[in-house]
Amino acid sequence: MAAQTQRAVLAGGCFWGMQDLIRRLPGVTATRVGYTGGDVPNATYRNHGTHAEAIEILFDPEKTDFRALLEFFFQIHDPSTKNRQGNDIGLSYRSAIYYVDDEQKRIAEDTIADVDASGLWPGKVVTEVEPVGPFWEAEPEHQDYLERYPDGYTCHFPRPGWRLPARAEDQGRVER
């Protein structure tokens, strides 16, 4: 019997680029973009208050895990810039992990510590770690945007050679 699908909700700047890259990962079964982490019910592109542009990810835990998703998340956006990715500036473009349970929170905090210790980014991680709340799905024109407009705007890309170093087992973590 196959394991149930699990959910992850991440914000790392404009949701178009995040969705375009994350959807391609092995084990990702579905994605949708929207707004979360803010103050406006029924958020929309024109009225999303303090919400972040985010991506909801459904994944098969037999093919990938939350840690692998986070490692890729930290590779494709700069988590050391507060409320900014590329040309996008403002609270909507902040870096955030919205955890669905205590295990995801633990993994998020552990991964952030690894990213900070790695020195792969010029500054410390400013990614927020908050419990998941309501997720307001973005309008249809924002879903799968870069599939429909391959030359459209994005500030997300895999960085060649970027790999989060594994910590030694004696530090409580397993080598990969």
Side-chain angles (χ1 to χ4, degrees), residues 7-23 25 28 30-59 66-67 69-102 104-116 118-149 152-159 162 164:
R7 178 180 185 228
V9 179
L10 307 173
C14 176
F15 45 33
W16 296 340
M18 296 282 294
Q19 183 180 37
D20 189 54
L21 294 172
I22 290 173
R23 77 167 65 252
L25 294 176
V28 171
T31 61
R32 65 181 181 145
V33 298
Y35 316 96
T36 195
D39 61 350
V40 175
N42 302 306
T44 65
Y45 187 75
R46 297 203 185 281
N47 181 27
H48 57 269
T50 61
H51 286 294
E53 288 193 7
I55 177 173
E56 180 184 62
I57 305 155
L58 299 181
F59 64 96
F66 190 59
R67 171 68 185 220
L69 292 175
L70 291 184
E71 287 183 15
F72 189 72
F73 169 71
F74 284 119
Q75 182 194 118
I76 65 173
H77 87 291
D78 182 348
S80 69
T81 56
K82 187 171 179 74
N83 300 332
R84 179 179 189 157
Q85 287 300 307
N87 295 326
D88 296 326
I89 300 172
L91 195 57
S92 299
Y93 305 109
R94 67 187 178 269
S95 177
I97 299 167
Y98 298 98
Y99 59 87
V100 301
D101 57 27
D102 289 341
Q104 279 193 357
K105 180 181 181 184
R106 183 194 64 73
I107 293 168
E109 290 170 345
D110 192 50
T111 307
I112 288 170
D114 288 349
V115 172
D116 276 340
S118 75
L120 289 166
W121 288 108
K124 293 293 183 187
V125 171
V126 296
T127 304
E128 299 172 5
V129 178
E130 300 290 333
V132 73
F135 184 89
W136 308 103
E137 185 173 7
E139 298 79 355
E141 62 267 23
H142 295 290
Q143 305 298 328
D144 309 314
Y145 184 84
L146 290 174
E147 281 195 341
R148 291 180 289 114
Y149 302 100
Y153 173 77
T154 185
C155 58
H156 298 92
F157 56 93
R159 285 151 175 90
W162 194 101
L164 189 58

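A pairwise comparison of heavy atoms in Phe73 and Ala11 identifies CZ-O, 3.3 Å as the closest pair. Shortest non-hydrogen contact noted between Ala52 and Tyr98 is CB-OH, 3.9 Å. Closest heavy-atom contact between Ser80 and Asp78: OG-OD1, 2.6 Å.
Electrostatic pairing of Arg67 and Asp114 counts as a salt bridge here, judged by a charged N lying under 4.0 Å from a carboxylate O. Between Glu147 and Arg23 there is a salt bridge, since a side-chain N of the basic residue sits under 4.0 Å from a carboxylate O of the acidic one.
Between the CZ atom of Arg84 and the SG atom of Cys155 there is a distance of 9.5 Å, given to the nearest 0.5 Å. Considering CD1 of Ile57 and CG of Leu25, their distance stands at 8.0 Å, rounded to 0.5 Å. Note: His51 NE2 to Thr44 OG1 = 9.5 Å, rounded to the nearest 0.5 Å. To the nearest 0.5 Å, atoms NE2 (His77) and CZ (Phe72) are separated by 12.0 Å. Taken from CD1 in Ile112 to CD1 in Ile107, the straight-line distance is 12.0 Å, to the nearest 0.5 Å. The CZ atom of Phe66 sits 6.0 Å away from the CG atom of Leu10 when rounded to the nearest 0.5 Å.
Counting heavy-atom neighbours within 6.0 Å of Asp102 CG, excluding the residue itself, gives a total of 12 or less.
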*Check the pair Val40 / Thr50 against side-chain contact (heavy atoms from CB on, under 4.5 Å), numbers first and verdict last.*
CA-CA 7 Å; Val40 175; Thr50 61; over 6 Å; no

*Steps toward side-chain contact (heavy atoms from CB on, under 4.5 Å) verdict (Val28, Leu58)*: CA-CA 6 Å; Val28 171; Leu58 299 181; over 6 Å; no

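A donor-acceptor pair under 3.5 Å links the side-chain atoms of Arg148 to the main chain of Glu141, judged by distance alone. No side-chain donor-acceptor contact under 3.5 Å links Glu56 to the backbone of Ala8. Formation of a donor-acceptor pair under 3.5 Å by the His156 side chain with backbone atoms of Gly12 is found in this model. Between the side chain of Glu139 and the backbone N or O of Tyr45, at least one donor-acceptor pair lies under 3.5 Å. No donor-acceptor pair under 3.5 Å is formed between the side chain of Asp39 and the backbone N or O of Gly49.
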Could you list the donor-acceptor pairs under 3.5 angstrom formed by side chains in residues 14-22, with sequence neighbours left out?
{"from": "Trp16", "atom 1": "NE1", "to": "His142", "atom 2": "ND1", "distance (Å)": "3.2"}
{"from": "Gln19", "atom 1": "OE1", "to": "Asp144", "atom 2": "N", "distance (Å)": "2.8"}
{"from": "Gln19", "atom 1": "NE2", "to": "Thr31", "atom 2": "OG1", "distance (Å)": "3.1"}
{"from": "Gln19", "atom 1": "NE2", "to": "Asp144", "atom 2": "OD1", "distance (Å)": "3.4"}
{"from": "Asp20", "atom 1": "OD1", "to": "Arg24", "atom 2": "NH2", "distance (Å)": "3.3"}
{"from": "Asp20", "atom 1": "OD2", "to": "Arg24", "atom 2": "NH2", "distance (Å)": "2.9"}

Name the atoms and distances for all side-chain donor-acceptor pairs under 3.5 Å in residues 122-137, with sequence neighbours left out.
{"from": "Thr127", "atom 1": "OG1", "to": "Ser95", "atom 2": "OG", "distance (Å)": "2.7"}
{"from": "Glu128", "atom 1": "OE1", "to": "Arg94", "atom 2": "NE", "distance (Å)": "3.2"}
{"from": "Glu137", "atom 1": "OE1", "to": "Arg32", "atom 2": "NH1", "distance (Å)": "3.2"}

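Looking at heavy atoms from C-beta onward, Asn87 lies in side-chain contact with Tyr153 at the 4.5 angstrom threshold. Taking the side chain as every heavy atom from C-beta outward, Asn83 and Ile89 never approach each other to under 4.5 Å. You'll find the side chain of Phe74 reaches within 4.5 Å of the side chain of Thr111, heavy atoms only. For the pair Thr36 and Val9, the minimum side-chain heavy-atom distance is below 4.5 Å.
Between His48 and Tyr35, the angle of the ring planes stays under 30°, which puts this pair in the parallel group of the 30/60° scheme. Aromatic ring pairs are classed by plane angle as parallel below 30°, tilted from 30° to 60° and perpendicular above 60°; the pair Tyr149 and Tyr145 is tilted.
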